[in-house]
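This structure is a prediction, so every number in the text was calculated from the model and none was measured.
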Amino acid sequence: MKSTRHQMICEIASSKALSEPRKSGGYDIEANFGANTFSENEMRKRLPKNVHKAVLKTIRNGERLDSGIADVVAQAIKNWALEKGATHYAHVFYPLTGLTAEKHDSFLMPDGHGGAVAEFSGKQLIQGEPDASSFPSGGLRATFEARGYTAWDVTSPAYILENPNGNTLCIPTAFCSWTGDALDKKTPLLRSMQALNKQAQRVLKLFGHRNPEYVFATAGAEQEYFLIDRRLFCLRPDLLIAGRTLFGAKSAKGQEFEDQYFGAIHERVLAFMFDVEEQLYKLGVPVKTRHNEVAPSQYELAPVYETANVAADHQHLVMLTLKNTAQRYGLSCLLHEKPFAGINGSGKHLNWSLASGSMNLLEPGDNPHDNAQFLVFCGAVIRAVHKFAPLLRSTVAHAGNDHRLGANEAPPAIISIYLGEMLSEVFSQVEKGAAKGSRQAGTLEVGVDTLPPLPKDAGDRNRTSPFAFTGNKFEFRAVGSNQSIAGPLVVLNTIMAESLDYITTKIEAKTGGNSAKLNEAVQSVLQEIMKEHKTIIFNGDNYSPEWHAEARKRGLPNFSNSVDIFRHVTGNEEYAALFEKYRVLTAREFHSRNEIYIERYCKEINTEAHLAHQIALGMLLPAAHRRQGELARTAQSLKAVGIKNPDVSFLKSLTGDVSKLEKAIRDLDKAMSHQGKGGPLDHAKHYRDEVVPAMLELRKIADQIERSVPDDLWPLPSYLEMLFIR
């Protein structure tokens, strides 16, 4: 009799393609890009000129929207949505769960004569009122205080979310309480972009830009993920609930052959990728790259950078589209940072830069040593990251990322900056006096006559750095694959605003309004910055033990787990004052968020621990007992046919492991039953120091037993099956 696992494997092996082949003629990317968004082009066609102009001022220049034009915009959006087949509209927001939330309302309104009409007013566009009582608030309000508001974010385009049974108009919104406290990821992100623009404008005016265009952060987040067959996924309670495997013996083959990275994409997976991309193109998400990642069954999708606020919204759409589309292909998309032990985990590299109009403010140009404006903005980044490294580290702190940071797949928890040889040399010259030259790009001769000379960058890349300069942007590589990028963006924008404020104020004081003294003042301030903050720059191997020792000498902090960084940040009034000064978060909002993140850490580990206990007790231990029974019966049968001393070494070994498993189950139960006193940090520390080690010990023994139990008895799909059967 075949086990459920074997039945699933046979079904997978014999299954046919789950999608119709693409029709001849291909897919018109240009015609379909943004087809389901109320884009600027759509506005231009549907709005009166004065209304269109007013909306664009808000989108491009950050100006306050005139609420008087809301009815006109709402009517245009409604007509467009109805033409697209929408029957409902939804205010989409991003609460502190880290997930997407939405409340759907129908366009339908009774006309009083037994019929109905489709209505959508400016008031309905601008403001919604979902119940806020069940979302995390970190003590900002009591549970019975339910009123919350969603507010239309004009800067992020409305879009149509297609479904086989009907379409929905989705309106990106901010989410706040009745008292005005931010309860979401978007509100502080929009505030941080305002703060950044204000301080960056001051710098640009120093350099002769009389009326500089709005300065905004840009972002593009690379998304790593795993795909496994859904039939195997549904046989794994740990993947269903926790998003990662709590048990699983290592496969005989993993990623050691280095044959998955950038390998040929499997046909079923490629069909899924085409589908995902077509949906995202329609939603205006500029996805650019797809490829196999390092681990088996691991992949990556990467967009072109765009305005940071829109990029954050699009990242939620990317994750939602990946997960929903996977099911249509009989697959499950895993976004956890470490779904499988012993192989590469998944991150979300956040590419971040600054722009004003078409000008990239972190573009060094051909001669960065002569580009004083670039040096000021880059120097501000160096100062900001060094001064607020723990705060930046805290944005990627959660239980899932603790499995990944510091392993040979992700940067260490030590925050440092990679500048590359060219910029390092330029800033070294700045520190010593004045920058007089910079390394130039060249050409690379490959040594094959039929290949043309290739342009060669002035410096190499560093994949081990947590914060690396990559030509005209910085890449923050520590973000977890399941995280919203809004949190890291809020901190990056805010600390950059503070650093630009500091530099501009210093330069203004040194010039006294005399523009002739500008170069001298810039040189002086940059010298000070390099002398004080150059310890954050490291161009070497961030994985090496030598770097960890060197980082300690430099005084760079190493918060190796979430609890340590939570303890450092929580109650830190310097950080609270930073956010208050630039009107990004009030002290109440800052402290409440820290409490929410600590509570989430505890809840995640508590859920995993109970799940591990249930699986071990209800599935793995019975399988081990059955194997014991088989071996014992075999020994008895051998004795019955005259073999006096049958070899029972396997039985003895398994019996010893089963005893260890039973003890590990009891130990985990004891750790979970602990009624600790103290605040949220004390509980988090207990989970880290007691519950997590108990889970790891339980897993270690269970994985050992898995190797001793036949496939037809072991209830969980193996690593080999999940990672290599497609």
- request: Output every pair passing ring pair (Phe, Tyr, Trp, His ring centres under 6.0 Å) with a member in residues 343-363, not counting sequence neighbours, ordered by first then second residue.
  value: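 Residue pairs passing ring pair (Phe, Tyr, Trp, His ring centres under 6.0 Å), neighbours aside: none found.
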
Apply side-chain hydrogen bond (donor to acceptor under 3.5 Å, both in side chains) to [X] and list each qualifying residue two or more places apart in sequence or on a separate chain.
X: S592; value: none
X: N561; value: D564, R688
X: D184; value: T187
X: Y601; value: none

Residues which pass salt bridge (charged side-chain N to carboxylate O under 4.0 Å, His left out) with [X], listed by chain and number, not counting sequence neighbours:
X: R554; result: E550
X: E589; result: R191
X: R567; result: none
X: D501; result: R202, K581

Using a 3.5 Å cut-off and no angle test, enumerate the donor-acceptor pairs between side-chain atoms of residues 92-101 and protein atoms at least two apart in sequence or in another chain.
unit_1	atom_1	unit_2	atom_2	d
T97	OG1	L99	N	3.2
T100	OG1	H316	ND1	3.4

- prompt: Please, which pairs that meet salt bridge (Lys or Arg N to Asp or Glu O under 4.0 Å) have at least one residue in residues 373-402, sequence neighbours excluded?
  reply: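 Listed by first then second residue: R383-E498.
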
What pairs of donor and acceptor atoms, side-chain ones from residues 214-221 against any protein atom, are under 3.5 angstrom apart with sequence neighbours left out?
none

- prompt: Hey, what's the ring geometry for H533 with H386, parallel, tilted or perpendicular (30° and 60° as the breaks)?
  reply: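 Judged by the thresholds at 30° and 60°, the geometry between H533 and H386 is perpendicular.
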
- prompt: Counting only heavy atoms not in F388, do more than 12 fall under 6.0 Å of its CZ?
  reply: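 Atom CZ in F388 is packed in, count exceeds 12.
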
